[in-house]
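Data block below; observations after.
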2 protein chains.
Amino acid sequence: MGLRTESPARGRQRLNRGSEQVRGRLIEAALSEFAAHGFDGASTRAIARRAEAHQPQINYHFESKDELWRACLEQLMGELDAVIGEHTAGLDQTDDRALFAAVVRSLVVFAARRPELNRIMMHEGTAPGPRLDWLVANHLKRRHRDLALRWKRLTRSGDAAALSADILFHVLIGAASLLYANAPEARLLGVDPDDPAVVDAHAEALVSMLLVSR
Amino acid sequence: MGLRTESPARGRQRLNRGSEQVRGRLIEAALSEFAAHGFDGASTRAIARRAEAHQPQINYHFESKDELWRACLEQLMGELDAVIGEHTAGLDQTDDRALFAAVVRSLVVFAARRPELNRIMMHEGTAPGPRLDWLVANHLKRRHRDLALRWKRLTRSGDAAALSADILFHVLIGAASLLYANAPEARLLGVDPDDPAVVDAHAEALVSMLLVSR
DNA sequence: GTCTATAATTAGATAGAC
DNA sequence: GTCTATCTAATTATAGAC
């Protein structure tokens, strides 16, 4: 197996771009790959290629593929909270009805803009495992409980459709996000999940079906 | 590498169970594994182990892992049609409202009883590829078109909620199936997707939200 | 038709030069 | 901090005995 003595600097050019930039590029590439192909289907080589980095850099900047996955979810959950924050800012924080409508619109808008979060959650929710345990404990438990409490108040005030608070979480997220999580499928069916008019009508339809007119 | 001359009949006992039975066991095991872990995450060894068969038997009874996957989807789609058939049998076949309600109930009941179909579709819908192309061409296109036509008639007759026929497919399937497709997640959140009372209330809630009272 | 053994490829992670 | 080379383990598929 002949040594390559010919040139001292072979292969890809050395690129020192700073830890933070490479870390960010790896997270962005990884969440795309995890969303498209699931944790097992996403290879660290494909992630590195998409980030224009080398595969061992993943283990340098992150401890493991698992830790990279968790970093992706922290990123996406932070973005979701930012979108909800934008939609609920300036509202009367005691107006449960207006706040709920804003959350529904946030979920639809976010699912359309950033389908990766819902894709990853759909991949992970199909089987028990340590990643699902981590997701529920660190992100979903609180959101599920808060949404159920909000829905119970709306039910008592006569604003809510006839739907149990326990299952509202999955009914709402399913209705709000499948079109975008499965956008490749929707496109083949002739639907355009990237059309802002579609997204807007979708959000308003959900609000009007969930909140009964007074 | 020492030859094992010791015993002529080593390893697992030879089991000849007939082609049809082994084929069926492999399909049942495979759809569980594909549903739980996605196509890439499901290994043919795990499928064979679950079916109490040997890994090369997959390539004997099916041409490849891909063809086994397609056999799983034919099986599941057939079961879905059977459930829809049961729910719509005996109804006035010109009563669009009653037929639509029966289809909604079928989708919820089937998703709860057989979450594998929705799990596999959620895994496959997140990225373009030959399996998604096959699914859309052979199963989804027709269902999507028929449901949209039915919804347009209900919209004209004033029975339908304010929701575009284009996106009804994904809104309905998302609202009806995420609770069951992501049942492992729901269970960790304290919801019981296996409770028949939950399933029944879920179906009736969707019917009442989608069909406006006359 | 069932089974063992294995070929060919690819996976995540690591060692060590630079 | 980046990169090449490589280790170990796992993957799908196949060859051939039975």
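Chain naming here is simple, since letters A, B, ... match the order of the sequence lines and numbering starts at 1 in each.
- If you measure from atom NE2 of H37(B) to atom P of dA10(D), you get 15 Å, rounded to the nearest angstrom.
- Between Q21(A) atom CD and dG1(D) atom P the separation is 13 Å, expressed in whole Å.
- Applying the side chain to side chain donor-acceptor pair (under 3.5 Å) definition to pairs two or more places apart or across chains, those involving residues 180-198 of chain A are Y180(A)-H202(A), E185(A)-H170(B), R187(A)-D194(A).
- Spacing between atom OH of Y60(A) and atom P of dA5(D) amounts to 21 Å, rounded to whole angstrom units.
- Remark: A30(A) engages F34(A), I47(A), L68(A), C72(A) in a side chain to side chain contact (heavy atoms under 4.5 Å, CB included) (not counting sequence neighbours).
- The bend of the helix from dG1(C)-dC18(D) to dC18(C)-dG1(D), defined by the angle between the axes of its first five and last five pairs, stands at 10° to the nearest 10°.
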Nucleotide N/O to protein N/O under 3.5 Å, stretch nucleotides 10-12 of chain C:
unit_1	atom_1	unit_2	atom_2	d
dG12(C)	OP1	A42(A)	O	3.3
dG12(C)	OP1	T44(A)	N	3.2
dG12(C)	OP1	K65(A)	NZ	2.8
dG12(C)	OP2	T44(A)	N	2.8
dG12(C)	OP2	T44(A)	OG1	2.7
dG12(C)	N7	R45(A)	NH1	3.0
dG12(C)	O6	R45(A)	NH2	3.4

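- Side-chain proximity of P56(B) to the nucleotides dC3(D), dT2(C), dT4(C) is greatest for dT4(C).
- As a whole-Å value, the separation of E67(A) CD from dA13(C) P is 11 Å.
- Distance, L68(B) CG to dT11(D) C1': 15 Å, rounded to whole Å.
- Regarding contacts with the backbone of dC3(C), a side-chain N or O of Q57(B) is found under 4.0 angstrom from either OP1 or OP2.
- In this structure, NE2 of H54(A) is placed 18 Å from P of dA13(C), rounded to the nearest angstrom.
- Rounded to the nearest 0.5 Å, atoms CD1 (I167(B)) and CG (L178(A)) are 11.0 Å apart.
- For the pair R70(B) and E124(B), the salt-bridge criterion is not met [side-chain N within less than 4.0 Å of a carboxylate O].
- For the pair R49(B) CZ and dC3(C) C1', the computed distance is 17 Å after rounding to whole Å.
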Solution key, residues 133-140 of chain B side-chain donor-acceptor pairs under 3.5 Å, sequence neighbours excluded:
unit_1	atom_1	unit_2	atom_2	d
N138(B)	ND2	W134(B)	O	2.8
H139(B)	NE2	E74(B)	OE1	3.3

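- In this structure, the side chain to side chain contact (heavy atoms under 4.5 Å, CB included) partners of A203(A), at least two apart in sequence or on a different chain, are R105(A), V108(A).
- Between F39(A) and W69(A), the angle of the ring planes goes over 60°, which puts this pair in the perpendicular group of the 30/60° scheme.
- Among the candidates H37(A), R119(A), H123(A), the single residue satisfying the side chain to side chain donor-acceptor pair (under 3.5 Å) test with H123(B) is H123(A).
- Atom CD of E67(B) sits in a crowded spot, with more than 12 heavy atoms from other residues, nucleotides or ligands closer than 6.0 Å.
- As rounded to whole Å, 11 Å separates atom C1' of dA13(D) from atom CD1 of I58(B).
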